Trainee: 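Before I ask anything, here is the structure I am working with.
A quick note: this is a predicted structure, and the numbers were derived from the prediction, not measured. Hydrogens, waters and symmetry mates are skipped; everything else that's a heavy atom, side chains included, is used.
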Amino acid sequence: MTIDLIRDARRSSGLSQKGLSQRSGVAASSLSLIENGKRSPTIETAEKLLKFTGHTLIAIPTLRETAAVIANRIGEAVTAGRSDLALRHFIQLNDNLLAEKNEVRYILGTAEPASTGQKHWDAAIAGVVAYRLREEGFPAPSWTLKPGRRLRKRWTLNAGRYVVPVDPKNVPAEFLERGVLVDELTLASI
C-alpha cells in the first residue's frame with residue numbers, strides 16, 4: 001500500500017525519482033527500493049516523501065482501497081490484456097465508493113490516480129469518482145476534470161467481445177461528459 005501511495009504521489013506531482021530524492025534528501029536508491037516493494041519506509045520517511053510531492057498522510061477509518069490503488073490494478077490488467085479483470089476492478093472501485101459515506105467516500109477519491117495506460121479507463125475512473133462524490137454532495141476532485149480524463153469519441157464500458165448498446169439517456173452525466181457510456185443500472189450495488 002505504501003508503495004502505491006508514494007509512487008502515485010510522486011507521479012501525480014510530476015516528479016521523477018531523482019527529483020523527489022533531491023527535494024526530500026532521501027537517497028534515490030532508497031526511494032527506488034521503496035517504490036519497488038523491496039524496502040518498507042518508516043512512517044517518518046513516508047511522510048517526508050509525501051510532503052515533497054505536495055501530499056500528506058491521513059488515516060481514515062476504512063479497509064477499502066482508494067481510486068488511486070484500484071487504478072493501478074486496472075492498469076496492470078490492461079497491460080496483461082485482461083479487460084475482464086479491468087472491469088472487475090472498476091466495479092470494485094464503484095462498490096468501494098458506494099459503501100462509504102461522507103468524508104470517507106470523498107477521501108477514497110481525492111488522490112489522483114496514475115494513468116492506466118488507456119484513456120478510456122482513465123475517463124471511466126474519473127467518471128465513477130465524480131458520480132459517487134456528487135451523490136454525497138461533494139464537488140468532483142480537480143483531477144477528474146482534466147482534459148486527459150475526457151474522451152473525444154464515446155466509448156461503451158464493457159469487457160467482452162460484444163458491445164451492448166447503451167442509451168445515453170440512461171448514462172449518468174458524470175460519465176456522459178467524459179465520453180463514457182455506462183448504464184446507471186450497471187453501477188447499482190449487487
Side-chain angles (χ1 to χ4, degrees), residues 4-5 7-15 53-55 64-101 103-190:
D4 293 334
L5 179 68
R7 183 188 60 228
D8 291 344
R10 177 183 59 76
R11 287 178 177 170
S12 73
S13 66
L15 290 170
T53 64
H55 293 81
R64 292 180 179 82
E65 295 174 314
T66 66
V69 169
I70 292 180
N72 285 332
R73 293 220 172 88
I74 292 171
E76 290 166 2
V78 164
T79 300
R82 296 282 315 273
S83 60
D84 61 323
L85 188 55
L87 180 61
R88 274 193 234 140
H89 291 310
F90 176 82
I91 295 298
Q92 184 63 60
L93 172 57
N94 174 69
D95 290 348
N96 285 359
L97 292 166
L98 186 59
E100 294 293 356
K101 300 292 179 213
E103 64 279 351
V104 176
R105 184 183 291 192
Y106 188 75
I107 290 169
L108 289 178
T110 52
E112 180 173 5
S115 175
T116 62
Q118 290 193 352
K119 289 182 78 88
H120 57 271
W121 281 114
D122 294 344
I125 292 166
V128 75
V129 168
Y131 173 65
R132 290 300 179 199
L133 294 185
R134 178 189 49 82
E135 289 180 328
E136 288 291 306
F138 291 113
S142 58
W143 67 264
T144 67
L145 305 173
K146 290 183 176 179
R149 301 283 179 172
R150 295 176 189 274
L151 301 174
R152 291 186 180 156
K153 183 180 176 187
R154 287 184 174 171
W155 171 69
T156 302
L157 182 72
N158 72 329
R161 176 179 304 180
Y162 305 102
V163 177
V164 178
V166 175
D167 186 343
K169 292 183 285 189
N170 299 328
V171 176
E174 292 80 4
F175 286 93
L176 204 53
E177 64 192 31
R178 287 167 179 82
V180 177
L181 299 177
V182 57
D183 193 293
E184 192 164 25
L185 291 176
T186 302
L187 302 169
S189 185
I190 298 173

Trainee: With no hydrogens and no angle check, is any side-chain donor or acceptor of R150 less than 3.5 Å from a backbone partner on E177?
Mentor: yes
Trainee: If you measure from CZ on R154 to CG on L181, what distance do you get to the nearest 0.5 Å?
Mentor: 5.5 Å
Trainee: Considering only heavy atoms from C-beta outward, does the side chain of P165 approach that of T156 to under 4.5 Å?
Mentor: no
Trainee: Begin from the C-alpha positions of E76 and R82 and carry the test salt bridge (Lys or Arg N to Asp or Glu O under 4.0 Å) through to its verdict.
Mentor: CA-CA 9 Å; E76 290 166 2; R82 296 282 315 273; over 6 Å; no
Trainee: For a quick test of reading the model, state the closest non-hydrogen atom pair linking L97 to G109 and the distance between them.
Mentor: CD2-N, 4.4 Å
Trainee: For residues I107 and V104, determine if any side-chain heavy atom of one lies less than 4.5 Å from a side-chain heavy atom of the other.
Mentor: no
Trainee: Assess whether a salt bridge exists between E174 and R132, defined as any Lys/Arg side-chain N lying under 4.0 Å from an Asp/Glu carboxylate O.
Mentor: no
Trainee: Going through the distances and angles, do V171 and V166 end up as a side-chain contact (heavy atoms from CB on, under 4.5 Å)?
Mentor: CA-CA 8 Å; V171 176; V166 175; 3.5 Å; yes
Trainee: Closest heavy-atom contact between A124 and V180?
Mentor: N-CG2, 3.8 Å
Trainee: Taking the side chain as every heavy atom from C-beta outward, state whether I74 and I125 have any pair of such atoms under 4.5 Å apart.
Mentor: yes
Trainee: For residues N96 and Q92, is any side-chain donor paired with an opposing acceptor at under 3.5 Å?
Mentor: yes
Trainee: With a 3.5 Å cut-off and no angle check, do the side chains of E100 and Y106 form a donor-acceptor pair?
Mentor: no
Trainee: Report yes if some heavy atom in the side chain of L187 is under 4.5 Å from a heavy atom in the side chain of P172; otherwise report no.
Mentor: yes
Trainee: Spell out, as yes or no, whether a donor-acceptor pair under 3.5 Å connects the side chain of R105 to the backbone of L98.
Mentor: yes
Trainee: With a 4.5 Å heavy-atom cut-off, do V78 and S83 have their side chains touching?
Mentor: no
Trainee: Kindly indicate whether the side chain of R7, heavy atoms from C-beta on, has any atom under 4.5 Å from the side chain of N72.
Mentor: yes
Trainee: Between the main-chain N or O of A9 and the side-chain N or O of S13, is there a donor-acceptor pair closer than 3.5 Å?
Mentor: yes
Trainee: Check the pair D122 / R149 against side-chain contact (heavy atoms from CB on, under 4.5 Å), numbers first and verdict last.
Mentor: CA-CA 6 Å; D122 294 344; R149 301 283 179 172; 3.6 Å; yes
Trainee: Quick check: closest heavy atoms across I70 and H89, and the distance to 0.1 Å?
Mentor: CG2-O, 3.3 Å
Trainee: Rounded at 0.5 Å granularity, tell me how far NZ in K119 sits from CZ in R152.
Mentor: 7.0 Å
Trainee: Could you tell me whether the side chain of F90 reaches within less than 4.5 Å of the side chain of T116, counting heavy atoms only?
Mentor: no
Trainee: Specify the closest pair of heavy atoms between L87 and N158, including all atoms of both residues, with the distance to one decimal.
Mentor: CD2-C, 4.4 Å
Trainee: Check step by step if salt bridge (Lys or Arg N to Asp or Glu O under 4.0 Å) holds for E112 and R11.
Mentor: CA-CA 9 Å; E112 180 173 5; R11 287 178 177 170; over 6 Å; no
Trainee: For K169 and D167, run side-chain contact (heavy atoms from CB on, under 4.5 Å): C-alpha distance rounded to whole Å, both residues' side-chain angles, the deciding distance at 0.1 Å, then the answer.
Mentor: CA-CA 5 Å; K169 292 183 285 189; D167 186 343; 3.2 Å; yes
Trainee: Rounded to the nearest 0.5 Å, how far does CZ of R64 lie from CG of L93?
Mentor: 12.0 Å
Trainee: With under 30° as parallel and over 60° as perpendicular, where do the rings of W121 and W155 fit, or are they tilted in between?
Mentor: perpendicular
Trainee: Is the number of heavy atoms from other residues, nucleotides or ligands within 6.0 Å of NZ (K153) greater than 12?
Mentor: no
Trainee: Looking only at non-hydrogen atoms, find the nearest pair between R178 and A123 and report the distance.
Mentor: CD-O, 3.7 Å
Trainee: Keeping W143 on the side-chain end and P113 on the backbone end, is there a donor-acceptor pair under 3.5 Å?
Mentor: no
Trainee: Indicate the atoms forming the closest heavy-atom contact of T144 with A130, along with that distance.
Mentor: OG1-CB, 4.4 Å
Trainee: Show your working on side-chain contact (heavy atoms from CB on, under 4.5 Å) between L157 and F175 and close with a plain yes or no.
Mentor: CA-CA 10 Å; L157 182 72; F175 286 93; 5.9 Å; no
